[in-house]
Amino acid sequence: MDKVIVGIPNGFFYKYHNLWKYYLETLGIRVIFSKPTDREIIDLGMKYSNDEMCTSLKNFLGHIAYLQDKCDYVIIPRIDNYGTNNQMCTNFMAIYDLANNTFKKPILNFNINYNKNLDEKKGLIKIGLELGKSKEQCKQAYNIALIKNNKDLKKQYITEYNKLKKDNKKFLLMGHSYNIHDNVIGRPIVEFMKRAGFEVIYSDALPEEKTLNLSHNICKYLYFKNNKESVGALELCKHKIDGVIMLSSFPCGPDSLVNELVIKRTELPILNLVIDDLSSFTGIETRLESFIDVINSKELNW
Amino acid sequence: MGNYRVPAKFLFSHILKCKILEPSAITKNTIEIGSKYSPDFVCTPFKYTLGTLIEDLDNGADTVVQFGGGCRYGYYFELQEQILRDLEYNFQYINLVTEGRTDIKKIYKDLKSIDKKFNPIKALYYLLITKNIVKYMDTVDDYIRHNIGFSDFKRMQKLNSKMLYEFETAKGYFDVKRIYKKYFEKIKAIPVNKPDNCLKVGIIGELYTIMEPFANYFLEDELAKHNIEITRFTNAHYLLFEKHKKIKQYLKNTPQITYTMGADASDNIGRTLEMCKEGYDGIIHIKSTFCTPEIGAMPIINQICKEYKVPIIFFSFDANTSETGIKTRLEAFYDMLEMRKKL
C-alpha cells in the first residue's frame with residue numbers, strides 16, 4: 001500500500017515546520033520539504049504570481065509549484081491572529097485562498113484565529129482527521145510533537161544566550177523568520193558576516209514570551225506579531241550587541257512602517273536591507289562592508 | 001477624504017467645544033510634502049494623510065484625530081506621530097482605533113482631556129445624526145454617479161454641494177431629514193435621458209483611493225464624459241455600518257473564497273462575482289501601490305473575470321503616476337467595451 005505523502009513548502013511558515021514534521025511523522029505519514037530557494041524556485045514563483053506581491057510570497061508560490069507533482073497534499077494554513085494584539089500580515093490571511101485558486105492541488109488547511117478560539121492544536125487535529133486517523137491518535141501525536149518541539153526550542157534559546165555571552169563582535173539580524181533563514185534572502189548575508197568574524201544573533205530565536213512584551217518599550221501600539229518579536233529581540237539584547245541589520249523583502253507591508261520607526265528610536269548602528277528577487281549580492285556586499293567599517297570605527301572612537 | 005469632512009466636522013463641532021479646522025483640499029503640493037517625509041515603500045494613503053496633517057498643522061491645528069483599519073492603516077498613527085514630532089510640531093494626537101479594536105474608555109478619556117464639559121449622552125445623539133448624514137450623502141452620491149453621464153451634471157454637483165453646505169449648519173435630527181428630502185427631489189427633477197443599452201461599469205478597489213477623487217485623478221468624471229453608467233460599492237456608510245453583515249453573505253455566496261482576507265479584499269471578490277452574474281460590461285479595479293490585501297485578491301478577481309468573460313482593468317495609483325497614461329489606458333478600455341457591445 002502506498003503511503004500518503006504530505007508536502008511542506010519552504011518559506012512563509014518556517015516557524016512551524018518542526019512541529020508539523022514531528023506531528024505528521026508520529027502519525028506515520030511521509031513528509032517531504034520543497035528544496036531550499038534557488039533560481040528555479042524564484043522563476044516558478046514569478047510565473048504564478050502577481051507583479052506587486054512581496055518577494056517572500058512570490059517565492060512561496062514557487063515552492064508550492066515545485067511540490068505540485070511530488071506529493072499528494074500540501075499544507076497551507078491560514079493565520080489570522082494570535083490574540084487581539086498579535087495579528088499577522090494580510091498575506092497570511094489570503095495565502096490559502098490564493099493558493100487554492102492558483103493551483104489545482106488538494107490542500108490541507110486549517111485556520112488559526114485565537115479571537116475565535118481556533119488554535120494550532122485544533123487545526124492540526126483537523127488535518128489528522130482528514131488524513132484518516134482517529135481523534136485519539138491525533139491528540140497523542142500532537143502532545144508528542146509538542147514535547148519534541150519544545151525541546152528544540154529550549155536548545156535554540158540556550159545557544160542564542162551563549163552567543164550573547166561571547167566576547168567577539170555581535171550583531172542582531174532582525175526580520176521575519178521566513179526571510180532570515182531563507183537560502184537566497186538571508187543566508188548569503190549571514191555567511192558573509194560570519195566570515196568577517198561576527199557572531200549572528202537571530203531575532204526569531206529568542207524566547208517569544210519575553211520579546212512580545214518587551215516590544216512595547218520601543219513601539220507602544222505595535223500589533224503585528226512577527227514585527228513584535230524582532231523589535232522585542234532588539235530591546236532584549238540592545239546592550240550586548242554592536243549593530244543591527246534589518247532584513248526585509250521588497251514591499252513588505254508592516255516592515256515599511258516599523259523599520260522606519262525603529263531607526264528613529266534606536267541609537268545603535270543600523271543597516272536597513274531590502275531584498276528584491278532581482279537584487280544581486282554584490283551590491284549588498286558593498287553595503288555590508290561599509291557597515292562593518294562603521295562598527296569598527298565606533299570602537300576606535302574616530 | 002472626499003466630502004466626508006462635512007459629517008466629521010458636524011460631529012466634532014457639536015460634541016466638543018473647540019474650533020474645528022477644515023482640512024484644505026488635496027493638491028499636488030500635499031502629496032509632494034507627504035512623500036518627502038514618508039518611508040520608501042509605504043502605501044500611498046500614508047503619504048496623502050501625512051501631507052494633509054502637515055498642511056493642517058501649518059494652518060494652526062493643535063489636535064489631530066486619526067482612525068484605524070484592518071491592514072497596516074491601523075499602525076499609521078504611531079509612525080506619523082513620530083515623524084511630525086521630529087519636524088518639531090506640537091500637538092495632541094487622538095487615535096480612535098488602537099491595536100485593531102476600539103477602546104471606548106480610552107476615547108472617552110482623550111475627548112475629556114480636550115473638553116472638560118464633554119457629555120457622552122449628547123455625543124451619542126449627535127453620532128446618530130451623523131450616521132444619517134452619511135447615509136443621505138451616500139444615497140444622493142450613488143444617484144448622481146448612476147446618471148452623471150446622461151444629464152446636466154454640473155447642475156447636479158452644484159445642488160449636491162449646496163446640500164452639503166446646509167448639512168453643516170443643520171440643527172437637529174429632523175432638520176437634516178428635511179434638507180435631504182428637499183435637495184434630493186430637486187436633483188431627481190433634473191431630466192435624465194439614458195438609453196436602454198448603455199455601458200455599465202462597476203468600480204471596485206481599495207477604499208482610500210476609491211473615495212478620494214484626487215487620489216484616483218478624478219477617474220469617475222473621466223468615465224462620465226464617455227456616457228457610461230457607473231456603480232461604486234465602497235462608501236463610508238458601507239464601511240461603517242453594513243460591512244460586517246455583507247461580508248458574511250459574500251463568503252457564503254462565493255465558492256472561490258473561504259476566509260476574510262483583510263481590509264476590503266474579500267468584499268471585492270464577492271462583488272466581482274455578483275457583477276459578473278448581473279451582466280456588467282466591464283469592471284475597473286483601483287488601488288494604491290503596495291496595498292497588500294488587494295494584491296492578494298487580484299489573482300482571484302482575475303480568475304473569476306476570466307471564467308465569466310468580463311473585461312477587467314487594474315489601475316495602481318502612486319504619488320508619481322502620470323495622468324495622461326491613465327487616460328490613454330482608460331480610453332482603450334472604453335473603446336474595447338464599446339466594440340464588444342456592438343458585435
Side-chain angles (χ1 to χ4, degrees), chain A residues 48-54 57 61 77-81 83-102 107 109 111-113 115 216 218-224 227 248-265 272 274 276, chain B residues 37-43 46 68-83 85-86 95 97-101 103 251 254-266 269 287-304 307 314 316 318:
Chain A
Y48 285 104
S49 62
N50 178 321
D51 51 355
E52 263 180 76
M53 283 175 182
C54 86
L57 182 57
L61 289 176
R78 179 248 188 195
I79 307 179
D80 189 318
N81 57 48
T84 323
N85 294 345
N86 294 321
Q87 286 179 359
M88 296 297 263
C89 148
T90 51
N91 279 340
F92 281 87
M93 294 161 79
I95 183 69
Y96 166 69
D97 287 316
L98 197 59
N100 199 13
N101 278 289
T102 327
I107 293 173
N109 168 253
N111 187 6
I112 297 181
N113 188 344
N115 281 351
H216 292 302
I218 297 180
C219 303
K220 204 179 168 196
Y221 298 106
L222 187 58
Y223 59 82
F224 296 110
N227 289 82
S248 48
S249 48
F250 171 50
C252 178
D255 276 7
S256 65
L257 299 173
V258 178
N259 282 2
E260 186 80 10
L261 201 59
V262 171
I263 290 171
K264 279 178 186 287
R265 288 186 181 174
N272 187 12
V274 181
D276 196 352
Chain B
Y37 297 111
S38 299
D40 299 334
F41 49 98
V42 77
C43 47
F46 185 92
C71 47
R72 63 178 130 164
Y73 179 34
Y75 197 59
Y76 275 10
F77 72 98
E78 197 166 3
L79 181 56
Q80 279 180 343
E81 191 184 359
Q82 183 68 40
I83 290 172
R85 298 251 184 252
D86 285 350
N95 194 45
V97 183
T98 32
E99 294 168 349
R101 67 199 158 132
D103 191 348
L251 286 178
T254 324
Q256 278 85 352
I257 44 171
T258 30
Y259 302 116
T260 55
M261 294 158 69
D264 274 356
S266 29
I269 296 171
K287 70 165 179 55
S288 60
T289 323
F290 304 141
C291 174
T292 339
E294 292 299 330
I295 290 169
M298 270 159 70
I300 305 174
I301 291 176
N302 215 345
Q303 205 160 27
I304 293 173
E307 221 173 275
F314 295 101
S316 196
D318 197 6

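In what follows, chains carry the letters A, B, and so on, assigned in the order in which the sequence lines appear, proteins first and then strands, with residues in each chain numbered from 1.
For B:Thr289, the parts lying under 4.5 angstrom from a heavy atom of chain A are both the backbone and the side chain. Contacts of B:Ser38 with chain A are absent, with no heavy-atom separation under 4.5 Å from either backbone or side chain. Only the side chain of B:Gln303 comes within contact range of chain A, judged by heavy atoms closer than 4.5 Å. Contacts of A:Asn109 with chain B are made by side-chain atoms alone, with heavy-atom separations under 4.5 Å and no backbone atom involved. Of the two parts of A:Cys219, the backbone and the side chain both hold a non-hydrogen atom closer than 4.5 Å to a non-hydrogen atom of chain B. For a residue to count as touching a neighbouring chain, one of its non-hydrogen atoms must lie under 4.5 Å from one of that chain's; by this rule A:Tyr48 does not touch chain B. Using a 4.5 Å cut-off between heavy atoms, A:Phe250 touches chain B through backbone and side chain atoms alike.
Rounding to the nearest 0.5 Å places CG of B:Leu251 at 8.5 Å from CG of A:Asp97. Here the CE atom belonging to B:Met298 is positioned 6.5 Å from the CG atom belonging to A:Asp51, to the nearest 0.5 angstrom. With rounding to the nearest 0.5 Å, the separation of OG1 in A:Thr102 from CD1 in B:Ile300 is 7.0 Å. Summarising the geometry, atom CG belonging to B:Leu79 is positioned 11.5 Å from atom CG belonging to A:Leu222; distances are rounded to the nearest 0.5 Å. Once rounded to the nearest 0.5 Å, the distance linking CG of A:Leu57 with CD1 of B:Ile295 reads 9.0 Å. Going from atom CE of B:Met261 over to atom CZ of A:Arg78 covers 9.5 Å, rounded to the nearest 0.5 Å.
Take A:Asn50 and apply the side-chain hydrogen bond (donor to acceptor under 3.5 Å, both in side chains) test, not counting sequence neighbours, and it matches no residue. Partners of B:Asp86 under the salt bridge (Lys or Arg N to Asp or Glu O under 4.0 Å) rule, at least two apart in sequence or in another chain, are A:Lys264.
Judged by distance alone, with hydrogens and angles left aside, the side-chain atoms of B:Glu78 form a donor-acceptor pair with the main-chain N or O of A:Tyr221 at under 3.5 Å.
In plain terms, the two heavy atoms of A:Ser248 and B:Phe41 that are nearest each other are OG-CZ, 4.4 Å. Here the closest heavy-atom approach between residue A:Ala94 and residue B:Gly296 is recorded as CB-CA, 4.5 Å.
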Handout entry: Evaluation steps, side-chain contact (heavy atoms from CB on, under 4.5 Å), between B:Phe46 and A:Leu257
Key = CA-CA 10 Å; B:Phe46 185 92; A:Leu257 299 173; 3.7 Å; yes
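Side-chain polar atoms of A:Asn227 and B:Tyr75 form no donor-acceptor pair below 3.5 angstrom. In the model, A:Asn91 has no side-chain atom that pairs as donor or acceptor with a side-chain atom of B:Thr292 under 3.5 Å.
With respect to chain B, the highest number of heavy-atom pairs below 4.5 Å among A:Ser256, A:Cys89, A:Pro251 belongs to A:Ser256. When each of A:Cys252, A:Pro254, A:Ser49, A:Cys54 is scored by its heavy-atom pairs under 4.5 Å with chain B, the top score falls to A:Cys252.
Looking at A:Lys220 and B:Glu81, no side-chain N of the basic residue comes within less than 4.0 Å of a carboxylate O on the acidic one, giving no salt bridge.
The closest side-chain heavy-atom distance from B:Pro299 to A:Leu98 is below 4.5 Å.
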